[in-house]
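Note sheet for the following structure.
The first residue of the sequence shown is numbered 1, and numbering continues consecutively from there. None of the values given here were measured: they were computed from a predicted structure.
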Amino acid sequence: MATITIPGKTRKSIDVELVGTKYRVRPPKTAIAVFLSHSLQDAGDDTDALFEGLAKWCRVLFGKETGTSVMERLKNPSDDLDIEDLTDLITAVMEAAGGNPTTSSSDS
């Protein structure tokens, strides 16, 4: 009988600077990234859904505590961090990790 072994890929942390603050993020596995990306795409013009989708991404990328502080930065009017910065970060992290589900087609 044959034995098949699929070792999988080890995900490594990535150092990032997000609008003046340095962080260490851990890219999610592709299955989670696809789910998170669809939640952002499905948000459409619903700002509550958009913020919830970004909050989920932040918790996955940064961890619960740091992800919450990143979202607080987003809501702080005196902080230059904005939605586009977070979406740029998500795209860059996923590209650095070897795949970008945020640009995948949902026509399947």
Side-chain angles (χ1 to χ4, degrees):
M1 173 180 226
T3 300
I4 299 173
T5 302
I6 309 296
K9 294 180 183 176
T10 303
R11 294 174 290 130
K12 297 181 180 179
S13 296
I14 300 172
D15 293 325
V16 299
E17 184 171 334
L18 180 62
V19 189
T21 303
K22 293 182 180 181
Y23 297 100
R24 180 166 289 219
V25 299
R26 185 163 187 247
K29 64 183 189 175
T30 304
I32 299 298
V34 168
F35 172 75
L36 292 172
S37 295
H38 282 290
S39 71
L40 282 181
Q41 291 169 353
D42 292 345
D45 292 334
D46 183 343
T47 55
D48 290 335
L50 174 64
F51 272 88
E52 182 56 33
L54 288 173
K56 288 177 184 177
W57 265 107
C58 284
R59 285 190 299 269
V60 168
L61 290 174
F62 300 101
K64 186 177 181 179
E65 185 176 316
T66 303
T68 299
S69 70
V70 170
M71 287 304 293
E72 290 303 315
R73 285 186 64 196
L74 189 63
K75 296 174 188 176
N76 181 343
S78 64
D79 194 311
D80 289 333
L81 179 67
D82 208 344
I83 290 172
E84 296 84 17
D85 303 314
L86 282 179
T87 57
D88 289 348
L89 173 69
I90 291 166
T91 301
V93 166
M94 293 312 299
E95 286 174 353
N100 184 3
T102 60
T103 60
S104 66
S105 173
S106 59
D107 295 333
S108 37

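- In this view, Asp15 and Arg24 satisfy the salt bridge (Lys or Arg N to Asp or Glu O under 4.0 Å) rule, not counting sequence neighbours.
- Legend: salt bridge (Lys or Arg N to Asp or Glu O under 4.0 Å) pairs involving residues 28-57, not counting sequence neighbours, sorted by first then second residue: Glu52-Arg59.
- Residue pairs meeting the ring pair (Phe, Tyr, Trp, His ring centres under 6.0 Å) criterion with at least one member in residues 1-31, sequence neighbours excluded: Tyr23-Phe62.
- In terms of the side-chain hydrogen bond (donor to acceptor under 3.5 Å, both in side chains) criterion, residue partners of Ser78 (sequence neighbours excluded) are, by chain and number, Asn76.
- Within 6.0 Å of atom CD in Glu65, 12 or fewer heavy atoms from other residues, nucleotides or ligands are found, so the atom counts as exposed in its surroundings.
- Under the side-chain contact (heavy atoms from CB on, under 4.5 Å) criterion, Pro28 pairs with Ile32, Ala33, Trp57, Val60, Leu61, Met94, sequence neighbours left out.
- Distance check: Ile90 CD1 to Cys58 SG gives 6.5 Å after rounding to the nearest 0.5 Å.
- You'll find the side chain of Val70 stays beyond 4.5 Å of the side chain of Thr21, heavy atoms only.
- Between atom CG of residue Leu74 and atom CG of residue Leu54 there is a gap of 6.5 Å, rounded to the nearest 0.5 Å.
- Identified under the salt bridge (Lys or Arg N to Asp or Glu O under 4.0 Å) test for residues 66-85, with sequence neighbours left out: Arg73-Asp79.
- The closest side-chain heavy-atom distance from Val34 to Thr30 is below 4.5 Å.
- The distance from the CD atom of Glu17 to the CG atom of Leu89 is 11.5 Å, given to the nearest 0.5 Å.
- With a 4.5 Å cut-off on side-chain heavy atoms, Val25 and Thr66 do not count as touching.
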